[in-house]
Amino acid sequence: MSAVAACEPFWSTPEGRARDFIEALVVTPAETQPLRDIANLPPEQNPEALIGDLSARVSLDFLRARQAQGVSLKFVQGETRRTDDTHRAAMIHVTYLQPGTPVTGEVRFLVRIEKDAQARWRIARVTGDN
């Protein structure tokens with residue numbers, strides 16, 4: 001918990017929270033409490049339940065496999081769309097090198113972020129954008 005609390009300043013933007021959530025989903029998916037903390041979820045909610053479509057699920061499985069094979073992944077915050085003051089959608093790009101080539105591959109996620117009743121940003125839904 002202290003490691004997550006120490007990271008809080010990096011979440012100065014909801015988009016940074018979205019990027020960190022995707023990275024944690026890929027790199028440490030079994031650590032549900034840190035995922036809940038990043039997503040700002042109640043203790044009873046499973047962070048995996050935020051995965052909203054098959055594209056996102058397949059992309060997560062693919063990136064987890066790549067990471068397990070030792071492929072270096074880079075998580076980058078992309079474009080953000082603001083619906084209103086309480087809703088945003090952030091594009092998160094995950095890049096990796098194609099095996100045996102200098103070519104970079106990319107997987108994209110669209111992370112929907114919203115303010116809760118206490119005006120805290122939380123992750124609402126993750127979908128694929130590939």
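Minimum interatomic distance between G16 and Q77 (heavy atoms only, all atoms of both residues): N-OE1, 3.6 Å. For V111 against I92, the heavy-atom pair with the smallest separation is CG2-CG1, 3.9 Å. Of all heavy-atom pairs spanning F109 and I22, the tightest one is CD1-CG2, 3.8 Å. The shortest non-hydrogen separation linking S55 to G128 is OG-CA, 3.5 Å.
Remark: E15 CD to F21 CZ distance equals 15.5 Å, nearest 0.5 Å. Within the model, atoms CZ of R36 and CG of N46 stand 6.5 Å from one another, a figure rounded to the nearest 0.5 Å. The CD atom of E79 lies 11.0 Å from the CZ atom of R108; values are rounded to the nearest 0.5 Å. The CG atom of D129 sits 9.5 Å away from atom CD of E106, with the distance rounded to the nearest 0.5 Å. The CG atom of N40 lies 8.5 Å from the CD atom of Q118; values are rounded to the nearest 0.5 Å. For the atom pair T32 OG1 and L41 CG, the distance stands at 10.5 Å (nearest 0.5 Å).
A distance-only check finds no donor-acceptor pair linking the side chain of R81 to the backbone of A89 [under 3.5 Å]. The backbone N or O of V71 sits nowhere less than 3.5 Å from a side-chain atom of R66 that would complete a donor-acceptor pair. A donor-acceptor pair is defined here as one N or O able to donate and one able to accept, closer than 3.5 Å; no such pair exists between the side chain of R19 and the backbone of G78.
Salt bridge status for E114 with R112: absent, with no side-chain N to carboxylate O gap under 4.0 Å.
By the 4.5 Å heavy-atom criterion applied to side chains, L60 and V26 are counted as neighbours. Considering only heavy atoms from C-beta on, I51 comes within 4.5 Å of L25 through its side chain. Taking 4.5 Å as the limit, every side-chain heavy atom of I113 sits out of range of all side-chain heavy atoms of R17.
In terms of hydrophobic clustering, with Ile, Leu, Val, Met, Phe, Trp and Tyr side chains grouped at heavy-atom distances under 4.5 Å, L73 and F62 are assigned to a common cluster. No continuous path of hydrophobic side-chain contacts links L110 to L50 [ILVMFWY only; heavy atoms under 4.5 Å]. Both V94 and V27 are members of a single hydrophobic cluster when ILVMFWY side chains are connected at heavy-atom separations under 4.5 Å.
By the neighbour-count criterion of 12 heavy atoms within 6.0 Å, atom CG of D84 is densely surrounded, having more than that number from other residues, nucleotides or ligands.
Legend: residues meeting ring-ring contact (aromatic ring centres under 6.0 Å, His included) with F75, ordered by chain and number and at least two apart, are absent.
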